[in-house]
Amino acid sequence: MEKTKIVLATSNAGKVKEMADVLAEFGFEVIAQSEFGIESPEETGLTFVENALIKARFASKITGLPAIADDSGLAVEALGGEPGLYSSRYAGEQATDADNRKKLLAAMKDQENRLAKFVSCIVLLKHETDPTPYIALGECFGEILTEERGENGFGYDSLFFYLPKNLSFAELETKEKKAISHRAIALAHLKEQLRGNKE
């Protein structure tokens, strides 16, 4: 049976493989938007859901294919949900991961409440104007450390302490982190929805 091509609104090779592995059983062949020369649109949404939809609709409009996109970030309770939608550019548009972590540590310096969560929203559109897209959310709860721990991962992983394992995300093996991460949870929810639709 010929697979249905679906464009993934990212240029991240890791995400492409992750999505491809999940969607293969549903007859999708995942292609990164970079293969079509597509740049990401401006993310003007006020929620992770809105930004994921913006990215997916843009990719679908240009390619004419079904599209999948995710938007994710870190939400810290004591900071009113920051860095949230601006997680990747918390310390500025050209900020590095290290810059963002430094700003977060400074913002949390005197905070007793260190609760935080990683959030992932994945949306799947059948076409650009699909009024009923699949929307899957995943959340992973933890705390913000007072200093960095671990060498693995990226972004805020070295500051995110995951209580069930008693380790930071950057101290977990990659395979272990992928199994329990916010994106893994969102992907599992997406699979449930797709399976339900097949029955």
Side-chain angles (χ1 to χ4, degrees), residues 8-23 30 32-34 40 43 47-49 51-52 55 68-123 136-191:
L8 173 58
T10 186
S11 303
N12 183 313
K15 283 187 187 178
V16 174
K17 185 178 185 321
E18 206 170 11
M19 298 285 189
D21 289 347
V22 168
L23 294 171
V30 178
Q33 67 177 13
S34 53
S40 292
E43 296 173 27
T47 65
F48 292 114
V49 175
N51 278 343
K55 290 188 272 192
I68 188 166
D70 90 303
D71 199 49
S72 53
L74 176 71
V76 180
E77 190 172 286
L79 302 180
E82 288 187 357
L85 299 180
Y86 306 99
S87 293
S88 64
R89 51 190 190 278
Y90 187 42
E93 288 297 330
Q94 305 303 318
T96 63
D97 285 351
D99 294 334
N100 290 330
R101 290 193 297 270
K102 187 177 176 183
K103 180 174 179 178
L104 179 61
L105 281 173
M108 292 295 289
K109 191 164 180 268
D110 301 314
Q111 292 291 348
E112 287 185 20
N113 175 7
R114 307 194 73 85
L115 295 176
K117 63 182 177 181
F118 273 123
V119 181
S120 172
C121 172
I122 298 174
V123 303
L137 289 169
E139 295 181 335
C140 187
F141 297 88
E143 295 178 353
I144 301 301
L145 293 162
T146 55
E147 60 184 17
E148 295 190 45
R149 279 174 46 177
E151 301 295 326
N152 299 328
F154 58 93
Y156 299 94
D157 285 356
S158 59
L159 292 177
F160 188 80
F161 185 72
Y162 184 64
L163 285 94
K165 295 285 186 183
N166 205 34
L167 295 169
S168 78
F169 258 22
E171 292 173 309
L172 293 172
E173 294 295 328
T174 303
K175 188 175 180 183
E176 196 174 20
K177 178 195 153 187
K178 276 188 175 177
I180 51 92
S181 75
H182 48 304
R183 187 169 294 109
I185 295 166
L187 281 168
H189 289 163
L190 179 65
K191 283 175 83 168

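Note that the coordinates shown come from a computational prediction; the quantities given were computed from them, not determined experimentally.
From R114, atom CZ reaches atom CD of E112 across 10.0 Å, with rounding to the nearest 0.5 Å. Note: S87 OG to L104 CG = 9.0 Å, rounded to the nearest 0.5 Å. Interatomic distance, CG of L190 versus CG of L23, reported as 6.0 Å (0.5 Å rounding). Rounded to the nearest 0.5 Å, atoms CD1 (I180) and NZ (K175) are 14.0 Å apart.
Among residues at least two apart or in separate chains, there is no ring-ring contact (aromatic ring centres under 6.0 Å, His included) pair with a member in residues 84-105. The stretch residues 156-166 participates, sequence neighbours left out, in these salt bridge (charged side-chain N to carboxylate O under 4.0 Å, His left out) pairs: D157-K177, K165-E176. A salt bridge (charged side-chain N to carboxylate O under 4.0 Å, His left out) check over residues 73-83, counting only residues at least two apart or in different chains, returns nothing. For residues 171-190, every residue pair satisfying the ring-ring contact (aromatic ring centres under 6.0 Å, His included) rule, not counting sequence neighbours, is listed here: F118-H182.
By the side chain to side chain donor-acceptor pair (under 3.5 Å) test, S72 is found to be paired with R183, residues two or more places apart in sequence or in another chain being considered. Qualifying side-chain contact (heavy atoms from CB on, under 4.5 Å) partners for A95, counting only residues two or more places apart in sequence or in other chains: A91, D99, N100. Under the side chain to side chain donor-acceptor pair (under 3.5 Å) criterion, K17 pairs with D21, not counting sequence neighbours. Partners of K191 by salt bridge (charged side-chain N to carboxylate O under 4.0 Å, His left out), not counting sequence neighbours, listed by chain and number: E25. Applying the ring-ring contact (aromatic ring centres under 6.0 Å, His included) criterion to Y162, with sequence neighbours excluded, gives F169. Not a single side chain to side chain donor-acceptor pair (under 3.5 Å) links T174 to another residue, sequence neighbours left out. Annotation: salt bridge (charged side-chain N to carboxylate O under 4.0 Å, His left out) contacts of E93 (sequence neighbours excluded): R89.
Under the 4.5 Å side-chain criterion, counting only non-hydrogen atoms from C-beta, L85 is in contact with D71. Within the 4.5 Å cutoff, side-chain heavy atoms of L137 are placed close to those of V49. Between P83 and V76, the closest side-chain pair of non-hydrogen atoms falls below 4.5 Å. Here the side chains of M19 and I122 are in contact, with some heavy-atom distance below 4.5 Å. The side-chain heavy atoms of L159 and L105, taken from C-beta on, include a pair separated by under 4.5 Å.
Looking at every heavy atom in both residues, A136 comes nearest to A186 through CB-O, 3.3 Å.
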Apply the test side chain to side chain contact (heavy atoms under 4.5 Å, CB included) to residues F161 and N166: give CA-CA distance (whole Å), side-chain angles for both, the deciding distance (0.1 Å), then the verdict. CA-CA 7 Å; F161 185 72; N166 205 34; 3.1 Å; yes
Report, one line per pair, each donor and acceptor closer than 3.5 Å where one atom sits in a side chain of residues 139-153; sequence neighbours left out.
| unit_1 | atom_1 | unit_2 | atom_2 | d |
| --- | --- | --- | --- | --- |
| E139 | OE2 | K117 | NZ | 2.9 |
| E148 | OE1 | R101 | NE | 3.0 |
| E148 | OE1 | S158 | OG | 2.9 |
| E148 | OE2 | R101 | NE | 3.3 |
| R149 | NE | E171 | OE1 | 3.3 |
| R149 | NE | E171 | OE2 | 3.4 |
| R149 | NH2 | E171 | OE1 | 3.0 |
| N152 | ND2 | L172 | O | 3.0 |

